[in-house]
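Because the structure is predicted, anything quoted here is derived from the model rather than measured.
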4 protein chains.
Amino acid sequence: MNETRRSVSLNPATVKTRRCVSFCDTLGAVPTPDPGRRSERARKAILDATLALLHESGYPDLTVEKIAARAGVGKQTIYRWWSGRGAVVLDALVEEIGEAGPPALPDTGDLEADLRLVVRAIVAELADPRLSVTTRALTIETLSSETFATTMRDRLLRPQLDTIKDRLRGRVREDVDLDQAVELLIGPMYHRWMMRTGPLTEAYADGIVDLALAALRPR
Amino acid sequence: MNETRRSVSLNPATVKTRRCVSFCDTLGAVPTPDPGRRSERARKAILDATLALLHESGYPDLTVEKIAARAGVGKQTIYRWWSGRGAVVLDALVEEIGEAGPPALPDTGDLEADLRLVVRAIVAELADPRLSVTTRALTIETLSSETFATTMRDRLLRPQLDTIKDRLRGRVREDVDLDQAVELLIGPMYHRWMMRTGPLTEAYADGIVDLALAALRPR
Amino acid sequence: MNETRRSVSLNPATVKTRRCVSFCDTLGAVPTPDPGRRSERARKAILDATLALLHESGYPDLTVEKIAARAGVGKQTIYRWWSGRGAVVLDALVEEIGEAGPPALPDTGDLEADLRLVVRAIVAELADPRLSVTTRALTIETLSSETFATTMRDRLLRPQLDTIKDRLRGRVREDVDLDQAVELLIGPMYHRWMMRTGPLTEAYADGIVDLALAALRPR
Amino acid sequence: MNETRRSVSLNPATVKTRRCVSFCDTLGAVPTPDPGRRSERARKAILDATLALLHESGYPDLTVEKIAARAGVGKQTIYRWWSGRGAVVLDALVEEIGEAGPPALPDTGDLEADLRLVVRAIVAELADPRLSVTTRALTIETLSSETFATTMRDRLLRPQLDTIKDRLRGRVREDVDLDQAVELLIGPMYHRWMMRTGPLTEAYADGIVDLALAALRPR
DNA sequence: TTATAAGCGAGACGGTACGTCGCGTCTTACT
DNA sequence: AGTAAGACGCGACGTACCGTCTCGCTTATAA
């Protein structure tokens, strides 16, 4: 595979560095007005605009003002229902992923083959600059806000990890903690992706699966 | 006192160096003024102020203007020698870690015992909110800027990973890629830390070491 | 002495942009809903809330939204019957003054003594910050809207001026225009009050009466 | 001869909904940064833009944001030196009037003729919608903010009144207070203008002068 | 030994985005 | 139909920082 790792982010010399946290640690604490009166039209327009802008210009250039303008919506309508940029992005991505349905993990009976598929898919997504913008955005926001981290973990991450976890259950050494097992599979990829310590290729994905299975497989 | 803290996770054997040195060398974007005339007083004040603010209010609240004010320095003096907030933070952390000395990886001959020590130390640091601010800051900046990511990886991360890599060399299965091996050890921890998917305890550290060694150990 | 107005509280407050409006009766711009179904309870609550807020925080801080909130009324109920803040205020003040009854101008037969009384009363009211808020509010709205000005002039001001005019009739030089005569008496006070060009004292009131009578009295 | 005033006013027919404002009562209290560093270019651009917008669209449509945009200036540069819209307008008008020089009051030796000229000029200005916009704006602001009132009175009004005052000195009854005398001349006009209680014509101007002189002239 | 040019502190500048307030309109559910 | 409640699109507010740009004022060579 190629090394065309892309960069969502820009050179610090040319980019107006903005504060990474627009998310104000009040994710669940938005005054929550009566949701019955909420305009579904506005909600949808906002989430759509967010995704569009995110894919067009990346997370650092995403602003509440641009979202509002693109969505044809007043800023207040955004702040009424979300606490800030991060919260909107999270919802937008949840929506996006939700539409795509739950992550499909094949069950061929062959654990190694199945895992290889999943891990390769994740690696491919991380390696693709277009696809990984959102992951990058979520990760930044996760690091910036504890509240965001919690929500993001429960709404987006956990379901995906659980899928893998369920798949491993009963198929690995009995003394192994399943959460640790999943992280053994997932963690190295994310680390390499974030730190750019090496190429994200299919070969790499396979290597990780081999190593993980070597550790997990019943003897 | 802060001198006592050492960042196991980020320790570079190298930079005790100083002077000019900002990672803007690699950037080339800054017009490189005459380093001979640079005020050491200002440089130190800036880095100190940066660390102080970082520990007081965290990375998201850190701004160039605040650094300048706290350091009693003109903003231009910052922009003259660094390309922005991220660059200053990187230098500040390099300084901080440099003072703490190189990371000590014991060599008892017992690979498992040695790794257990290192991994436990890293987990301990990540688990401590006070200590992990800096790692958090670096990670955010890494995700935000490719240039930063490169510098950070080469100057801070690589040396540390190489220390572990060297220790593993010749002591693991021959068909294992050493970079992958290191990430197998390190990645899960960082993932759990970032995503808050579980507790960061000594037991967890030991579990990771067990799993990794199960995968790596020659049969 | 007769109180033509009462008012309370002054405070030219903070910076804010507000909309002033035209008065709706004359405007005809309001779709004139069926007045038969109008809620007297709401009407009263709105006017009361308006007066209360006016006296508490002054005209610049008075907003339609605050009136509605204080009155326990939907904003639409205000906009249905009035064209905006100014119109509500005018009605509220008409109500307030109406309750106090029409201004009584004593008729002792001594023109100078009578005028002295009236002019002193007006000066006293203008000098009292608490009482002059309402005058201030009406004047601002008058300056802002021609429609309001007309209504306000006809409903509030003219009756008062006519009272004085009637008293002067036949008691001043024959060649004098009575409207000008009244303004000669009234104008200077308002000018001094608005522009704060000097103290508003009884002595001043008397001085004005003296001057005006010197101009008006038959030789 | 130059025009002593320029000012402008709003066509009553076009008035519907407008904004009134209050001046934030901190006119003299702006933190006053070092005026030595102040950019004359920016200052001039702001005042020019303010006058232009004022004459184009009137006071109610004047906003700080528009001034900044038109002047090619950051909003902060306005707020750094003024407390708000009212303060800028005041300065702009002072500048405008300052450039025109002090109000020229002819001294023909014939007091009545001279006063007739002045009063006719004022009446003409008030009667002209285009010219009286600014007077209207200043009056609203004066009524809304005590601080504004003070500054406006001292910087704009007093000089003009003093010109008339000086002219009256020694030419009127000795027992007359000169401030009251000036207000006797000026007050009725402003009252009629504001309250729209009658036409503002030359005949009216002359009538006021006749009445005032009847009161003031030594017997 | 000056002059001279660099870095320096200070902070104003043109901007962008923030999060809030209030406008006047529109919608919903209730009376 | 009028009402209480309040969301909506909009526009302006006043603030925070961005990165750039003068200003004097040291201060360390090079003339």
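- The D/R37 side chain lies nearest to E/dG9 when the options are E/dG9, F/dG9, E/dC23.
- Between the base of F/dG9 and the side chain of A/K75 there is no donor-acceptor pair shorter than 3.5 Å.
- Between C/T77 and F/dA4, a side-chain N or O to OP1/OP2 separation shorter than 4.0 Å is present.
- Classification of B/R70 and B/E56 as a salt-bridged pair holds, one side-chain N sitting under 4.0 Å from a carboxylate O.
- Distances from the side chain of D/A42 to the nucleotides F/dG9, E/dA17, E/dG14 place E/dG14 closest.
- Phosphate proximity of F/dC8 to A/W81: present, with a side-chain N or O under 4.0 Å from OP1 or OP2.
- Following rounding to the nearest Å, D/I78 (CD1) and E/dG15 (C1') show an atom-to-atom distance of 13 Å.
- Residue-to-nucleotide proximity on DNA chain F shows that, of C/A71 and D/E65, the 5′-proximal contact is made by C/A71.
- In this structure, D/R41 and A/V64 both approach DNA chain E, and ranking their closest nucleotides by distance from the 5' end singles out D/R41.
- Side-chain nitrogen and oxygen atoms of A/T63 include none within less than 4.0 Å of the OP1 or OP2 phosphate oxygen of E/dT16.
- For A/R80, taking side-chain heavy atoms from C-beta onward, the closest of the listed nucleotides E/dC8, E/dC13, F/dA7 is F/dA7.
- Residues A/I78 and A/I46 are in side-chain contact: their nearest non-hydrogen atoms beyond the backbone lie under 4.5 Å apart.
- Figure legend: cation-pi geometry between C/R38 and C/W82, with NZ or CZ positioned under 6.0 Å from the six-membered ring centre and within 45° of its axis.
- Of the listed nucleotides (E/dT25, F/dC8, F/dT20), F/dC8 has the atom at the smallest distance from the side chain of A/S39.
- Looking at which nucleotide of DNA chain E each of B/Q76 and D/R43 is closest to, the 5′-most match is held by B/Q76.
- The backbone N or O of D/E141 sits nowhere less than 3.5 Å from a side-chain atom of D/S145 that would complete a donor-acceptor pair.
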